[in-house]
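Everything numeric here is computed off the predicted structure, so don't read it as measured data.
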Amino acid sequence: MDRIKERILSRVQKPGRYTGGEMNAVVKEKADVEVRFAFCFPDLYEVGMSHLGMKILYSLLNEQEGVWCERVFAPWGDMEEEMRQNGVPLFALESGDPVGEFDMVGFTLQYELSYTNMLNMLDLAGIPLYSAQRDSLSPLVVAGGPCVCNPEPVADFVDLFFLGEGEEVDLEIVELYRRYKKEGRSKAEFLRAAAQVEGVYVPSLYEVSYREDGTVAAVIPKEGAPARVRKRIVKDMNRAYFPETFVVPYLDIVHDRAVSEVQRGCYRACRFCQAGFIYRPVRVKEKDVIDQQCRDLCAGTGYDEISLSSLSTSDYPDIEGLLDTLLRWTKPERVNVSLPSLRVDGFSNELTEKIKTVRRSGLTFAPEAGTQRMRDVINKNVTEEELLQTVRTAFAGGWSSIKLYFMIGLPTETLDDVAGIADLGQAVVEAYYHCPDKPKGRGVNVTLSASSFVPKPFTPFQWEPQDSIETLRQKQDHLVHSVKSRKITCNWHDADTSFLEGVFARGDRRLARVLEEAHRRGCKMDGWSDYFSLAKWMEVFAACGVDPAFYNQRRREFTEVLPWDHLDYGIRKDFLIEECRAAYENRTSPDCKEACSACGAACFQGGICFETR
């Protein structure tokens, strides 16, 4: 690292975010490298280093001969100020080289509030923001992640998007790039070829027109691009690439442990949950595969904790058998196993006995709504009695701390439904004191955590308006005043950031100039209270002549052309419409284990859909 960077690092907090050189980081000889890939996570090191997808793709790309993938994270304000004052461009951790010198610059877009960070990182790298301003083949700006199911707000900045899962399509595009680079082909030629690869969306090859009322009229492909772009999935999780080791950070990160993915997708059909729809169909790893991957990770990293990752880990078909397999070696080697995602209706006495030996913290469940009517609206398929039976089991097993996740602002919700959250928390408290086998000499602690509902694409609620900030705050206050016990603690998510998230979640390409103006005015790190300013954002919207309520507080007709309708995640639109109608009738639908609802995911010929046909 050169002297300027060394001097800078002595003046910033947590310099370990920017030094690189960690255990298992990959460094290659530049003379042997044909394609350099900068994997950019538009948030802090501590957040990005906790992300499993980045760990997988980093290792996968670096196993390819002639390809070098390096990590890049958004600098905190103190580091950015030093970099700009000293003329230091954004650099990659492994080599310290400027990101602008790389062939491909890839962003993972995990949440909408990271969009300004992406622009800020491009600016710090000296890379023009707009795709149209970048004529040469390199640097090519690409992006993937869950936000890509509606990439339109950032479509003008990105050359191509990866839809769905990246393990296979990323390699195909890197190889295509390598060939076109050797042949001296142009960027335009490369993008036309890339658009023919399944799972690749090249936004510059589509023209968007609008109606007089501001809604989308049509999205028209050009130059041979497909009319609809279908996401990619990995069909067989047992053969899917998974690294034997992770980069081990120097400093504490958000989730500092080994992570093993046990399945992809979710059997449930919660109508608010975007992940539950865009990651369909469910695909499961075999126990022996998971066991070996866990062994390899612990051996390669030195971690003494493994997290079994999925959207709903307790829905794993043989979760008890999996724990039995893992406990044969984790228990004698004192390796902790954590299950971060437990279902209210998936917590049995048998499971309790097993996780008692491996779990150290409190238990977390997600009823999502406080009344049965609302749980039927969102298709949670969980009753109050199931929750109470679950917490009784937990109390008898020695736990006294329970955290319950809820949402407020859901479609059809009333203040009585909000008060029902407090009532449910009170019922859990009472269940503790009526439990004869509860822990002796300890009081109960129940935490109610309420996030604000944000309607998302490819869900049955994608047509619904979002509650205003004022309404959300009213509901938050009502929840707090409905709590009657000191044994209950209430937390809630900031309504201001949910407002902005809602705008960009269902936005279109006209928001690009809003993002550019926000970046020009210094908006960044919008997911952090240290930086987020709703007042500044409202000034930006006003300066651009954009009414944010058009995007987040307007009910859409089922016949409206949505900005993401030309993207295919395997979920039929008429299925989502029927599910939305069922919500307004308080009518539930079966999950994928019970019956096939013909959502459309069977088109991928993999996972549970394929197995049951």
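A salt bridge does not link Glu101 to Lys30: none of the charged side-chain nitrogens sits closer than 4.0 Å to a carboxylate oxygen. For the pair Glu172 and Arg232, the salt-bridge criterion is met [side-chain N within less than 4.0 Å of a carboxylate O]. Between Arg239 and Glu167, no side-chain nitrogen of the basic residue sits less than 4.0 Å from a carboxylate oxygen of the acidic one, so the salt-bridge criterion is not met. Salt-bridge formation is detected for the pair Glu207/Lys222: a Lys NZ or Arg NE/NH1/NH2 atom is positioned less than 4.0 Å from an Asp or Glu carboxylate oxygen. Between Arg572 and Glu578 there is no salt bridge, since no side-chain N of the basic residue sits under 4.0 Å from a carboxylate O of the acidic one. At a threshold of 4.0 Å, the pair Arg295-Asp291 counts as salt-bridged, since one of the basic side-chain nitrogens sits closer than that to a carboxylate oxygen. Electrostatic pairing of Asp318 and Lys287 counts as a salt bridge here, judged by a charged N lying under 4.0 Å from a carboxylate O. One finds a salt bridge joining Asp315 and Arg268 here, because a Lys/Arg side-chain nitrogen approaches an Asp/Glu carboxylate oxygen to under 4.0 Å.
Evaluated for a side chain to side chain donor-acceptor pair (under 3.5 Å) with Arg178, the options Glu183, Glu34, Gln64 yield exactly one hit, Glu34. When each of Met237, Lys235, Arg230 is tested with Ile233 by the rule side-chain contact (heavy atoms from CB on, under 4.5 Å), just one qualifies, namely Lys235.
Counting only distance, with no hydrogens or angles, the side chain of Glu70 and the backbone of Ser95 share a donor-acceptor pair below 3.5 Å. Here the side chain of Arg134 pairs a donor or acceptor atom with the backbone of Phe157 at under 3.5 angstrom. The main-chain N or O of Ala269 is never found under 3.5 Å from a side-chain atom of Arg271 such that the two would form a donor-acceptor pair. Side chain of Asn381 to main chain of Asp591: no donor-acceptor pair is present (N/O by atom type, distance under 3.5 Å, no hydrogens or angles).
Annotation for Pro203 and Ala155: closest pair CG-O, 3.4 Å, computed over non-hydrogen atoms. Between Leu323 and Leu339, the shortest heavy-atom distance links the atoms CD2-CD1, 4.0 Å. A pairwise comparison of heavy atoms in Pro457 and Gln274 identifies O-NE2, 3.3 Å as the closest pair.
Cation-pi contact between Arg264 and Tyr279: absent, since separation from the ring centre below 6.0 Å together with deviation from the ring axis within 45° is not met. For Arg36 and Phe102, the positive end sits near the middle of the six-membered ring, less than 6.0 Å away and at most 45° from its axis.
A donor atom on one side chain and an acceptor atom on the other are not found under 3.5 Å apart for Trp68 and Glu94. Inspection of the Asn379 and Thr588 side chains reveals no N or O donor paired with an N or O acceptor under 3.5 Å. With hydrogens and angles left out, the side-chain atoms of Gln292 and Asp296 include a donor and acceptor closer than 3.5 Å. A donor-acceptor contact closer than 3.5 angstrom links the side chains of Tyr303 and Asp256. A donor-acceptor contact closer than 3.5 angstrom links the side chains of His493 and Ser498.
Counted within 6.0 Å of CD on Glu63, heavy atoms from surrounding residues, nucleotides or ligands total more than 12; the atom is thus considered enclosed. Shown here is Gln196, whose CD atom has more than 12 heavy atoms of other residues, nucleotides or ligands within 6.0 Å.
In summary, the aromatic rings of Tyr58 and Phe246 are positioned with their centroids too far apart to meet the 6.0 Å limit. Taking the six-membered ring where the residue is Trp, the centroids of Tyr569 and Phe277 are separated by 6.0 Å or more.
Using bins of under 30°, 30° to 60° and over 60° for the plane-to-plane angle, the ring pair Phe190/Tyr180 lands in the perpendicular bin. A perpendicular orientation is assigned to the rings of Trp463 and Phe558, their planes being inclined by more than 60° (bins at 30° and 60°). Ring orientation note: the planes of Phe41 and His51 are tilted relative to one another, at an angle of 30° to 60°.
Going from atom CG of Asp252 over to atom OG of Ser50 covers 10.0 Å, rounded to the nearest 0.5 Å. From Phe242, atom CZ reaches atom CG of Leu60 across 12.0 Å, with rounding to the nearest 0.5 Å.
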- Message: Apply side-chain contact (heavy atoms from CB on, under 4.5 Å) to residues Arg257 and Ser338 and explain how you reach the verdict.
- Response: CA-CA 10 Å; Arg257 54 182 177 252; Ser338 65; 4.1 Å; yes
